[in-house]
Amino acid sequence: MGAAPGFAHSMTPVTIAENGQTGRAEMAAIAELASFPSPRWRPTRRAALAAGCALLAGCDQAARPFFCSDTHPQGYPTVDAVKEMGRLLRERTNGRLDIKMFAGGQLGAERDTLEITTFGGLDMTRVNLAPLNSIEPLTVIPALPFLFRSTDHMRRALDGPPGEEILASLAPHDLIGLCFYDSGERSFYTTRRPIRTPADMKGLKIRVPNSDLYVAMIKALGADATPMDLSEVYQALVQGVIDGAENNWPSYDTGRHFEPAKYYSLTRHVMAPDVLVMSKRRWDRLPDEDRSHVKAAAKESVPYMRVLWDQRVNDARARLLAVGVEANEVDATEVFIDRMRPVWDRFVVTDQQKRIISEIEAMGDAGA
Ligand code: GTR
């Protein structure tokens, strides 16, 4: 497959994050990108650009750190967790293995960074499960509305066999699932009025991540779903293109979405985690010893992240309430559960999905 027609000459020159070069070298990298065959993914212009950045930033993969992208800015718990993972790798290999983090979405939207990770233009990317929903049915499971009973239940399931099976399901898609990171409870936030019952959602335009599952959830509540990248949400709220969105406290805060949308209605409808994935192409070239280092460091970054996460949720909530965000509980969570339940029937279709869901549900009964 070649690059998209007219692609190279229509490109705006960019600064390459790592070495500051632009122009011809960038074009060469993009041309190199075109030589990656990718049967499942068709590189978008932006993905190609990002891949070009990654390619240029270092030629000899073995001699440079792993490159990782994250849509969130420096200081966000997922970003700091991956940096901690890098620190552990450095410490354990005398600096031979390391991670270079490209935070703040500088390498593109999650769908794009996932795409380039599959064909090796990036070594790692930290994303939510949502952009994986369309390629791997098992990733739908943790995003099912009201599946988890509590944070403990979610953590237990994702740390245990269900989580391992879902991570492993990414390998046929050229991705190695390294670990899950918390992404908390997602609730709705809106510009004009709070949501108390599904009736309040009728006719509202609600932004969702690029996932059919999320679109279906919003439709089930009688609202219109508008899929878009996280980076576009603030502007869309300000301009009235959308009436609201849904996310956890830290993302609502970091994206400053609370400024145009001050009503935060605690539906807590989804607890889908974030995930750190590695390019299988890169992974396949690592010696066993280095794979063990990467796996161990990723695993150890999870409890580290959770401490940061819990703190961040509390801080974001307190800060936003202090600046005038109006948070409300919803009237009857059962009504939301009932309205969103048909989404399960549509997206839970394989025996494997059904078995894993039963396992997760049983783990909820055991505690939490
Ligand atoms: C956040 C998540 C991001 C991104 C975002 C979104 O909670 O950490 O990876 O998926 O949600 O809504 O797009």
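All ligand and atom numbering here is 1-based and tracks the order in the structure.
- In this pair, Phe258 and Tyr252 present their aromatic rings perpendicular. The plane angle is above 60°, beyond the 30 to 60° band.
- Shown in contact with Asn248 at under 4.0 Å from a heavy atom are these atoms of ligand 1, numbered in order with element: 7 (O).
- In this structure, a donor-acceptor pair under 3.5 Å is absent between the side chains of Arg285 and Ser279.
- Nearest to atom 10 (O) of ligand 1 among the protein's heavy atoms is Asn128 CB, 3.0 Å.
- A single hydrophobic cluster is not seen to contain both Phe180 and Val294; linkage of ILVMFWY side chains at heavy-atom distances under 4.5 Å, directly or through other members, places them apart.
- The shortest heavy-atom distance from Ser183 to ligand 1 is under 4.0 Å.
- Looking only at heavy atoms of the protein, atom 13 (O) of ligand 1 is closest to Arg207 NH2, 2.9 Å.
- Residue-ligand proximity, His72 to ligand 1, at heavy-atom distances under 4.0 Å covers atoms 1 (C), 2 (C), 3 (C), 8 (O).
- Listed by number with element, the atoms of ligand 1 under 4.0 angstrom from any heavy atom of Asn247 are 1 (C), 5 (C), 6 (C), 7 (O), 11 (O), 12 (O).
- The ligand atoms of ligand 1 that sit less than 4.0 angstrom from a heavy atom of Glu110 are 3 (C), 4 (C), 9 (O), 10 (O).
- Residue-ligand proximity, Ser251 to ligand 1, at heavy-atom distances under 4.0 Å covers atoms 1 (C), 7 (O).
- Ring geometry, Phe188 versus His269: the interplanar angle falls under 30°, so the pair is classed parallel (tilted spans 30 to 60°).
- Below 4.0 Å from some heavy atom of Arg126 lie the following atoms of ligand 1, by number and element: 3 (C), 8 (O), 9 (O).
- Residues forming a side-chain contact (heavy atoms from CB on, under 4.5 Å) with Glu185 (at least two apart in sequence, or on another chain): Arg268, Met271.
- By the ring-ring contact (aromatic ring centres under 6.0 Å, His included) test, His293 pairs with no residue at all, sequence neighbours left out.
- Under 4.0 Å is where a charged nitrogen must lie from a carboxylate oxygen, and between Arg306 and Asp159 at least one such pair does.
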